[in-house]
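Worksheet for the structure shown next.
Bear in mind the structure is a predicted one, so any value in this text is a computation, not a measurement.
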Amino acid sequence: MKDNHFVLRGSFVHTPTKDELVYKEDAYLVCEEGRCAGLFDALPERYALLPIQDYSDCIIIPGLCDVHMHASQYANKGIGKFITVGWDWFTKLTWPEESRYGNPDYAERAYQKLVEDLVRSATTRSVMFATIHREATELLMKMLDKAGQGAFVGKVITDHSSISELLESTGQALSETRQWLENTMGRYRNVKPILTPRFIPSCTKEILADLGQLVREFGLPLQSHLSEDYHELRDWVQVRFPDAKTSGEVWDQFGLFGSQTPTVMAHCIFPPKGEMELMAKRNLMVAHCPSAGLTGHVAPIKRYLNAGIQVGLGTDMSGGTPTLNLLPEIPHMIQLSKHWWVANCQRYGGFETEKPLVLSAPEAFYIATKGGGAFFGKVGSFEAGYAFDAVVIDDASLRDINQRPVNQRLERILHSADERCVVAKYINARKVL
Ligand code: FE
């Protein structure tokens, strides 16, 4: 029997659409040729000879996809939340830590902890910023691939407005990026490179034009930050691009806003007039980071969904979640959308409207799985043809005195489970945990 033909038995939850959570109690998920072949109430006769992994007591979900994290800031996890001035975050925490990755020995030790912890988490796929350092970025990609984690990883590009340790000349930024691509493209099974300009304020016009050329040449996806700060457009973008009405327009004029390549932008908290329309037109993905605390504001996620814009979930490690655990970010998303609604409802029909712009549970679960998974292809669902990613969660340690249906067990898991409850994990049909 081939390694990539097998069956998982357990209780399953997934969201084929954002409108419905599908629960299957005591069911069978078949892996055929490394992909999902279907979720069945009873195992069809044709699969009767396949080996069965029995997780009857557990809940199995498609892996969670973290579409925005800074791998190099994992060492800072859980600190910095007491900082109240945004700029201090960069000068006191982010930049000093990222500067250390010029030392490959430090990078290896720090990334080792990240990769080990990621394997134990419920996350199967990540879209990551590394740092400007090519060697350390390649090291991270190699380690992730060896562990079997799925990822897009980016060597960060910064040729404007940073400290000297994290600043490259435009020529260096381009040549190092090209070298990095030559070293990593097509090299790994689970890990791929992604172009990673930090954000418009840290990039010259010249490097943005060069990146447009790289996109055309290599067909690479791209990640960055967009509208994270209220004054980003006025104070940082329009200073150098005075005609731009939105930051998206600037990206777009260089062919870096989804027109030529899959693009994910983190935060998108303050979309100026016209930006959402352009994002929908360009099929852009929003990386929603509910715990990102730099501005303390909440992105209008339900409006993005209603506009037909793709949304995924991100930790924004370490400016966001204090751990890699994305499970509680699902109910957190719902709660924050309620806060956003309370603050903004007067502009959208008030409290009396029948359609409050609040996320539902299926929508939040979808964002964390199939929504972000779309950046990786057919990922984040148990539908036939999807990549065989599955996370097995044993909720016995949550100490429920009552027997409950799957939907209530899932709710408890999302609110209170962490990596200690993750007992097995499959990515691309490989058992990585
Ligand atoms: Fe970020």
Side-chain angles (χ1 to χ4, degrees), residues 61 63-84 86 89-90 92-94 97-98 110-111 113-130 140 144 149-153 223 225 228 264-269 285-299 301 311-340 359 361 364-369 371-373 375 380 391 393 412-422 425:
I61 62 171
L64 304 183
C65 298
D66 181 352
V67 294
H68 182 67
M69 77 163 302
H70 297 266
S72 60
Q73 290 177 37
Y74 187 56
N76 280 341
K77 69 171 180 170
I79 56 171
K81 289 293 185 186
F82 297 156
I83 290 175
T84 51
W89 179 270
F90 290 103
K92 293 182 177 168
L93 283 176
T94 304
E97 181 57 26
E98 289 199 16
Y111 283 150
K113 289 192 191 312
L114 167 67
V115 173
E116 284 170 7
D117 291 353
L118 208 46
V119 168
R120 284 193 286 264
S121 76
T123 300
T124 46
R125 313 263 178 164
S126 311
V127 185
M128 297 180 170
F129 279 57
L140 173 62
L144 284 164
Q149 284 286 138
F152 281 108
V153 176
Q223 63 175 338
H225 298 88
E228 181 175 6
V264 58
M265 289 283 173
H267 305 301
C268 309
I269 297 171
M285 181 177 286
V286 172
H288 176 36
C289 304
S291 288
L294 208 59
T295 65
H297 289 271
V298 183
I301 294 304
V311 181
L313 176 62
T315 53
D316 197 19
M317 174 63 60
S318 69
T321 58
T323 73
L324 294 171
N325 185 16
L326 273 176
L327 292 166
E329 290 300 281
I330 295 173
H332 189 203
M333 256 191 279
I334 298 170
Q335 183 67 16
L336 281 188
S337 77
K338 291 175 182 169
H339 291 188
W340 181 89
L359 288 179
F365 193 87
Y366 180 94
I367 287 170
T369 54
F375 202 72
V391 172
I393 299 172
R412 282 172 61 96
I413 284 169
L414 296 182
H415 281 90
S416 52
D418 60 23
E419 67 281 356
R420 288 168 291 189
C421 301
V422 177
K425 182 158 85 171

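Closest approach of F375 and F152 over heavy atoms only: O-CE1, 3.6 Å. For P328 against A417, the heavy-atom pair with the smallest separation is CD-O, 4.4 Å. In terms of heavy atoms, G63 sits closest to T369 at O-CG2, 3.8 Å. The nearest pair of heavy atoms linking S318 to N76 is OG-CB, 3.3 Å. Minimum heavy-atom separation, K77 to P322: CB-O, 3.5 Å. Residues S121 and E419 come closest through the heavy atom pair CA-CB, 4.1 Å.
Rounding to the nearest 0.5 angstrom, the gap separating the NE2 atom in H288 from the OG atom in S337 is 7.5 Å. The OG atom of S291 sits 9.5 Å away from the CE atom of M317 when rounded to the nearest 0.5 Å. The CD1 atom of I367 sits 10.5 Å away from atom CE of M285, with the distance rounded to the nearest 0.5 Å. Separating the CG atom in L144 from the CZ atom in R125 is a distance of 12.5 Å, to the nearest 0.5 Å. Summarising the geometry, atom CE belonging to M333 is positioned 13.0 Å from atom NZ belonging to K338; distances are rounded to the nearest 0.5 Å.
V119 has its side chain out of reach of T124: every pair of non-hydrogen atoms, C-beta onward, lies at least 4.5 Å apart. Looking at heavy atoms from C-beta onward, L118 lies in side-chain contact with S126 at the 4.5 angstrom threshold. Using a 4.5 Å heavy-atom cutoff, the side chains of L64 and I330 are in contact. Proximity of L114 to M69: side-chain heavy atoms (C-beta onward) are separated by under 4.5 Å at one or more points. Counting only heavy atoms from C-beta outward, the side chains of H70 and M128 never approach each other to under 4.5 Å. At least one side-chain heavy atom of L313 sits under 4.5 Å from a side-chain heavy atom of L326.
Partners of E98 by side-chain hydrogen bond (donor to acceptor under 3.5 Å, both in side chains), not counting sequence neighbours, listed by chain and number: Q73, R198. Not a single side-chain hydrogen bond (donor to acceptor under 3.5 Å, both in side chains) links S72 to another residue, sequence neighbours left out. In this structure E97 satisfies the salt bridge (charged side-chain N to carboxylate O under 4.0 Å, His left out) test together with R100, sequence neighbours excluded.
Between the side chain of S416 and the main chain of I413, no donor-acceptor pair closer than 3.5 Å is present. Side chain of K81 to main chain of G320: a donor-acceptor pair is present (N/O by atom type, distance under 3.5 Å, no hydrogens or angles). Counting only distance, with no hydrogens or angles, the side chain of T321 and the backbone of T323 share a donor-acceptor pair below 3.5 Å. K425 places a side-chain N or O within donor-acceptor distance of the main-chain N or O of T123, the cut-off being under 3.5 Å.
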Exercise for review: Let me see the working for C268 and V286 under side-chain contact (heavy atoms from CB on, under 4.5 Å), right down to the final yes or no.
Suggested key: CA-CA 7 Å; C268 309; V286 172; 3.9 Å; yes

Review point. So L359 and I301, side-chain contact (heavy atoms from CB on, under 4.5 Å) or not? Walk me through it.
Key: CA-CA 8 Å; L359 288 179; I301 294 304; 3.9 Å; yes

Exercise for review: Check the pair L324 / Y74 against side-chain contact (heavy atoms from CB on, under 4.5 Å), numbers first and verdict last.
Suggested key: CA-CA 9 Å; L324 294 171; Y74 187 56; 3.6 Å; yes

Practice item. Evaluate side-chain contact (heavy atoms from CB on, under 4.5 Å) for L327 paired with I61, printing each intermediate quantity in order. Key: CA-CA 11 Å; L327 292 166; I61 62 171; 4.1 Å; yes

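For the residue pair T315 and D66, a side-chain donor N or O sits within less than 3.5 Å of a side-chain acceptor on the partner. Looking only at atom types and distance, the side chain of H68 has a donor-acceptor partner in the side chain of H225 under 3.5 Å away.
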